[in-house]
Visitor: 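Take this structure, written in structure tokens, and hold onto it; I'll ask about it next.
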Amino acid sequence: MLRVSILGAGSIARTMAKTLRGMEEQDGSACLWGIASRDGDKARAFAEAEGAKKHFAGYDALLQDPDTDLIYIATPHAFHGAQIEMCVQAGKAVLCEKAFTGNAKQAEAALAASEAAGVLVTEAIWTRYQPARAMIRELIDTGEIGEVRHLSCNLGYPIMFKQRIVKPELAGGALLDLGVYCLNFAAMVLGTDVARTESSCKRLPGGGVDISDHITLYYQNGCEAELFATAMCRTNRRGLIYGTDGWIQVDNINNPQRITVFDTDGGKRRKLNVPEQITGYEYEVEACARALESHACECPEMPHAETLRVMRQMDELRAQWGVVYPFD
Ligand SMILES: NC(=O)c1ccc[n+]([C@@H]2O[C@H](COP(=O)([O-])OP(=O)(O)OC[C@H]3O[C@@H](n4cnc5c(N)ncnc54)[C@H](OP(=O)(O)O)[C@@H]3O)[C@@H](O)[C@H]2O)c1
């Protein structure tokens with residue numbers, strides 16, 4: 001059984017706790033082992049509420065735990081880089097929430113540390129690990145919609161009230177929180193051979209972070225992708241992949257549940273549902289278990305090079321918009 005401990009007792013930590021409880025009940029493949037918070041009382045309360053076996057006052061205490069197999073980092077993006085390095089130095093494997101780090105420089109350092117030490121580090125960009133990815137790939141590869149020409153997708157939630165979304169020192173902005181899913185969706189469908197990028201964003205007043213992003217990617221092979229991410233409102237979170245013989249609709253790109261294929265007249269050709277899931281996070285945990293078994297320092301579902309490429313792509317977009325973090 002993979003013993004997973006969580007670093008940071010916040011919002012997404014609760015979803016991971018539920019996932020791990022589900023995995024323990026389902027087949028005993030993983031469990032929620034420990035929870036670490038900067039505040040010992042908060043860690044204890046979390047452990048009691050979520051059923052963690054151990055709780056740690058401070059992140060350093062977790063690093064000393066001999067029984068933790070994998071640390072799931074669930075703090076704001078700006079802290080990820082240093083926390084990954086801290087875990088790797090203690091010999092602990094890491095599954096780190098997206099965005100992987102605050103910028104590419106931090107990602108380079110974190111990944112170099114992982115590779116030098118031979119310790120597993122992987123990005124918790126859950127859509128890369130989910131079954132929907134292979135289902136969409138198969139539809140495209142078998143020519144279900146002919147030759148793919150264009151993609152559009154959007155992701156939006158009204159989350160401007162969150163400090164980690166609006167504060168530059170926490171690596172805020174729509175891009176690193178939401179746009180990252182759009183960029184990953186485009187990469188999974190159309191690949192990485194981007195010839196040109198055009199983009200614009202709406203920023204918070206006073207030169208603040210990006211809050212709505214519009215990104216168009218033009219690929220070497222003639223395909224295009226149109227991406228929209230916003231922290232201002234909820235959107236339909238839909239992905240549309242257009243081909244010469246129909247299109248594929250993905251609902252939703254943040255956790256695909258339904259994939260519908262249409263013919264060129266808009267008639268439904270077929271509808272696919274993804275397998276029943278606990279929360280959808282179990283797939284990234286399973287990938288970590290496989291990587292640990294084979295003593296790999298990365299997961300094939302999201303190799304280090306791809307994590308780094310996406311971080312560089314987001315640095316480039318922020319540079320186009322003039323969105324700068326204090327640690328850049
Ligand atoms: N995969 C997904 O679908 C998904 C969804 C939501 C979020 N996320 C990612 O998960 C990460 C955490 O998001 P969240 O919404 O859970 O964040 P959150 O609740 O705001 O914060 C998580 C934890 O980080 C620590 N923290 C928060 N603010 C801090 C600060 N200013 N200084 C130092 N530590 C701080 C706290 O840990 P302690 O006080 O316990 O030490 C807090 O409980 C982000 O990278 C986000 O992108 C992923």
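All ligand and atom numbering here is 1-based and tracks the order in the structure.
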Visitor: Under 4.0 Å between a side-chain nitrogen and a carboxylate oxygen: does that hold for E24 and K53?
Guide: yes
Visitor: Might you list the protein residues in contact with ligand 1, defined as having a heavy atom under 4.0 Å from one of its atoms, sorted by chain and number?
Guide: G8, A9, G10, S11, I12, S37, R38, K42, Y59, A74, T75, P76, H77, F79, H80, E97, K98, W126, R164, L170, D177, Y181, Y281
Visitor: The criterion is salt bridge (Lys or Arg N to Asp or Glu O under 4.0 Å); which residues satisfy it with R238, sequence neighbours excluded?
Guide: D251
Visitor: Which residues pass the salt bridge (Lys or Arg N to Asp or Glu O under 4.0 Å) test with D245, not counting sequence neighbours?
Guide: R269
Visitor: Side chains of Y72 and L20, heavy atoms from C-beta outward: is any pair under 4.5 Å?
Guide: no
Visitor: With ILVMFWY side chains joined below 4.5 Å, transitively, what does L240's cluster contain besides itself?
Guide: Y242, W247, F262
Visitor: Are any of the side-chain heavy atoms of K98 and H80 separated by less than 4.5 Å?
Guide: no
